[in-house]
Amino acid sequence: MVSVAVAPFETEVRTRAGDLVRADVYLPADGGPFPVVLGASPYQKSLRRLPPHPVFPFTEYGPIQLYLDNGYAYVAMDTPGTGRSEGTWDPVSRVEGEAIGDMIEHVAVQPWATGAVGMIGMSHYAWSQWNAARTRPAHLKTIVAYDGATDMYRDWMYHGGIPVQGFWSSWLFGSVLMQHTLNGIGFREGGKDQFVYEALSHPFDDEWQRRRSPFWELDKVEIPVFSIGVWGKGPLHLRGNFYGFERVRGPRQLLVTHPESFAQAQAYYFDEDFHRAELLPWYDHHLKGTDNGVMDRPPVRFYVNGERTYRSATSWPPADAEPSAFYLSGERSGAVRSLNDGSLCEDAPAADENPTSWSYPDPEWRAGVTVFDADGRPDHVARVTTFTTAPADRDREFTGHGVLTLYASTDQADLDLIVKLSLLPAAGGQPLRVSQGWLRASHRAEDLALTSDMRPFHVHDHAEPLEPGTVYELRVELLPMSFLARRGDRIRLEISNQDSLIADAPMTHFYGQKVGNDTYHHDRRHPSSLRLHERPR
């Protein structure tokens, strides 16, 4: 096993659903009993021989040996229907959460365990943490959910009601199904082949979807929770880390870290210095009772993109954050080559102006919306609509939530909005993606109990087709953000109904059969706007 000095032994328990599930147990070389950290996933505990590397994105368990060296037992569990565990694979369902809870209760009473159990791991392992926590096993004392969604429908299956496509290939087929076949376990064993068909059969947030969204039960979780988000994993997990932090009711902290990509997020989770500074003190306090002051840390800490520093607050969004508005305009910004090169202005439109219309699919698209110049270099914005601010006249920090209110019409019965927000440094270089959002217009209805002025929460339980030619007010939730726009920098808003298959992979969406013309209105009667939380500097 990679970076582990001891051989594991296997333990098993019969779950309340009747499935025999198994886990590997790693114990420190000497002493005992030990507090336990437990990770659960469908990624086959036998694959811990593989190193953490982007070609093995499912290696998400963290530095096992570090925890053994610090007096913890490490338990790696195969979820039901995967690896060595029997049953049916029903990922992130409540039944799966209960099975993880049953394993927690089993290991807690073993002679080598103290009875104090925490959970560990990133991404799918973090899904398992939220999922087990909602079932409230008696011996689960804390979770540290690094990079993990909480609402499977909204966070990644159907962004804004638009079905995700690219991630299914890299995750379901690459990390789960094909890895099992390499170990002699067929696609159909444990019903693993059925999940994709089930997900595609539930395009609304129905009972099937609710069963696999811990979000709806996190308000019953009272154990200490450390939620760690990663800016670079925004379209998969980030939203869930914020909502998870907000909804739990026990002691809680939120940390949002700096990695800018999926690969960097994985590497950071295997950085032992990161664990020593952040995770290990949390486990020591809540599983060993160590008085180390970890709960005196600020409730919220976050990395400010563009400034490249960490800041803290007592809440999210920070109490001093106030909405600032930028209005979409047809005036050319002169900042970018795009379909329209529109502007973002801080003054509301004072008169009528021509709307922005575009047709799709664009004849020049090659890799999704990406086109290539004569030298073969990719251009991700040349064939989308953009709206860009003037150069900033001062340093401005935008930290919190954002919402795009767009007045739109179409000659079709529906339209999709794929929205990206980027920081354009005055010094040049690559734009920095700072937020994004999605909405299928027929899913525009909002849940009044959960929505707010700066954060719409769409119900996604039915479709309301559009009347061609009618203008609709659409509110797009943007992912949480924190960035500093320095003097001279610009902010760019991109809107399309298609992804870049290069810049947005693997979180790309099913394009479907869209052929038509959409129009974005931005005049006195239709003041389309981008609103962002801004902090004083």
Side-chain angles (χ1 to χ4, degrees), residues 159-160 229 231-232 234-235 238-239 241-243 246 254 256 300 302-309 311 313 315-329 333 335-336 342-349 381 385-407 417-426 431-439 446 451-458 473-495 520 522 527-537:
H159 281 150
W231 290 127
L238 183 67
R239 182 180 181 276
N241 279 110
F242 281 89
Y243 268 112
E246 292 172 5
L254 173 68
V256 193
V300 176
F302 53 92
Y303 182 79
V304 182
N305 289 290
E307 188 175 26
R308 306 183 70 84
T309 191
R311 298 200 177 276
S315 64
W316 185 271
D320 58 354
E322 296 290 341
S324 291
F326 298 88
Y327 295 90
L328 280 64
S329 167
S333 74
V336 64
S343 296
L344 289 174
C345 306
E346 295 194 69
D347 294 328
V381 298
T385 61
T386 64
F387 299 87
T388 309
T389 66
D393 60 2
R394 64 191 187 282
D395 288 359
R396 302 178 70 174
E397 179 190 330
F398 298 93
T399 294
H401 298 291
V403 58
L404 171 65
T405 301
L406 186 67
Y407 292 89
L417 297 174
I418 295 178
V419 176
K420 305 165 193 174
L421 193 67
S422 298
L423 177 66
L424 309 183
L432 175 65
R433 179 85 56 84
V434 293
S435 188
Q436 55 198 119
W438 310 265
L439 183 63
E446 298 178 17
T451 202
S452 67
D453 184 47
M454 287 292 289
R455 187 163 52 165
F457 192 101
H458 298 93
E473 179 183 2
L474 307 174
R475 298 208 317 141
V476 183
E477 175 193 10
L478 299 183
L479 293 176
M481 69 195 77
S482 181
F483 68 96
L484 177 66
R486 298 185 185 276
R487 183 175 180 179
D489 291 351
R490 295 176 184 252
I491 300 170
R492 182 177 70 205
L493 176 71
E494 304 168 32
I495 310 175
Y520 307 144
H522 35 73
S528 294
S529 66
L530 171 71
R531 301 180 69 209
L532 308 176
H533 274 131
E534 182 174 5
R535 300 185 74 195
R537 298 289 294 186

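Side chains included, hydrogens not; waters and symmetry mates left out as well; all remaining heavy atoms used. This is a predicted model, so every value here is computed, not measured.
- By the 4.5 Å heavy-atom criterion applied to side chains, Leu421 and Leu404 are not counted as neighbours.
- Under 3.5 Å, the side chains of Thr399 and Glu397 contain a donor-acceptor pair of N or O atoms.
- Within the 4.5 Å cutoff, side-chain heavy atoms of Pro323 are placed close to those of His533.
- The closest side-chain heavy-atom distance from Leu417 to Tyr520 is below 4.5 Å.
- Taken from CD in Gln436 to CD in Glu494, the straight-line distance is 10.0 Å, to the nearest 0.5 Å.
- To the nearest 0.5 Å, atoms CZ (Arg308) and CG (Leu484) are separated by 12.0 Å.
- Annotation for Ala392 and Arg486: closest pair CB-O, 3.6 Å, computed over non-hydrogen atoms.
- The closest side-chain heavy-atom distance from Val256 to Asn241 is not below 4.5 Å.
- A salt bridge links Arg396 to Glu346: at least one charged side-chain nitrogen sits closer than 4.0 Å to a carboxylate oxygen.
- Counting only heavy atoms from C-beta outward, the side chains of Asp320 and Pro536 approach each other to under 4.5 Å.
- Within the model, atoms CG of Leu479 and CZ of Arg433 stand 10.0 Å from one another, a figure rounded to the nearest 0.5 Å.
- Nearest approach of Val336 to Thr386, heavy atoms of both residues: CG1-OG1, 3.4 Å.
- Rounding to the nearest 0.5 Å places CZ of Arg311 at 7.5 Å from CZ of Phe302.
- Not one N or O on the side chain of Ser529 forms a donor-acceptor pair closer than 3.5 Å with the backbone of Thr405.
- Taking the centre and axis of the six-membered ring of Tyr243, the NZ or CZ atom of Arg455 falls inside the cone set by 45° and 6.0 Å.
- One finds the CZ atom of Phe387 at 4.5 Å from the NE2 atom of His522 (value rounded to the nearest 0.5 Å).
- Formation of a donor-acceptor pair under 3.5 Å by the His401 side chain with backbone atoms of Pro317 is not found in this model.
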Go through the steps to decide whether Leu328 and Leu344 satisfy the test side-chain contact (heavy atoms from CB on, under 4.5 Å), and finish with yes or no.
CA-CA 5 Å; Leu328 280 64; Leu344 289 174; 3.8 Å; yes

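- Side chains of Val476 and Leu406 form no contact here, defined as non-hydrogen atoms less than 4.5 Å apart.
- The minimum heavy-atom distance linking Cys345 with Ser329 is given by the pair SG-CB, 3.9 Å.
- Using modelled atom types, no side-chain atom of Arg487 and backbone atom of Ala426 make a donor-acceptor pair closer than 3.5 Å.
- Of the residues listed (Pro456, Ser435, Ser452), the one engaging Glu477 in a side-chain contact (heavy atoms from CB on, under 4.5 Å) is Pro456, and it is the only one.
- With hydrogens and angles ignored, the 3.5 Å screen pairs a side-chain donor or acceptor of Thr385 with a backbone N or O of Ile495.
- Here the closest non-hydrogen pair linking Thr451 and Phe457 is OG1-N, 3.1 Å.
- The two atoms that bring Thr388 and Ser333 nearest to each other are CB-OG, 3.7 Å, heavy atoms only.
- Aromatic rings of Trp231 and Tyr303 (six-membered ring for Trp) have centroids beyond the 6.0 Å cut-off, not under it.
- With hydrogens and angles disregarded, a donor-acceptor distance shorter than 3.5 Å links the side chain of Thr389 to the backbone of Ile491.
- Considering all non-hydrogen atoms of both residues, Gly306 and Leu423 come closest at CA-CD2, 4.4 Å.
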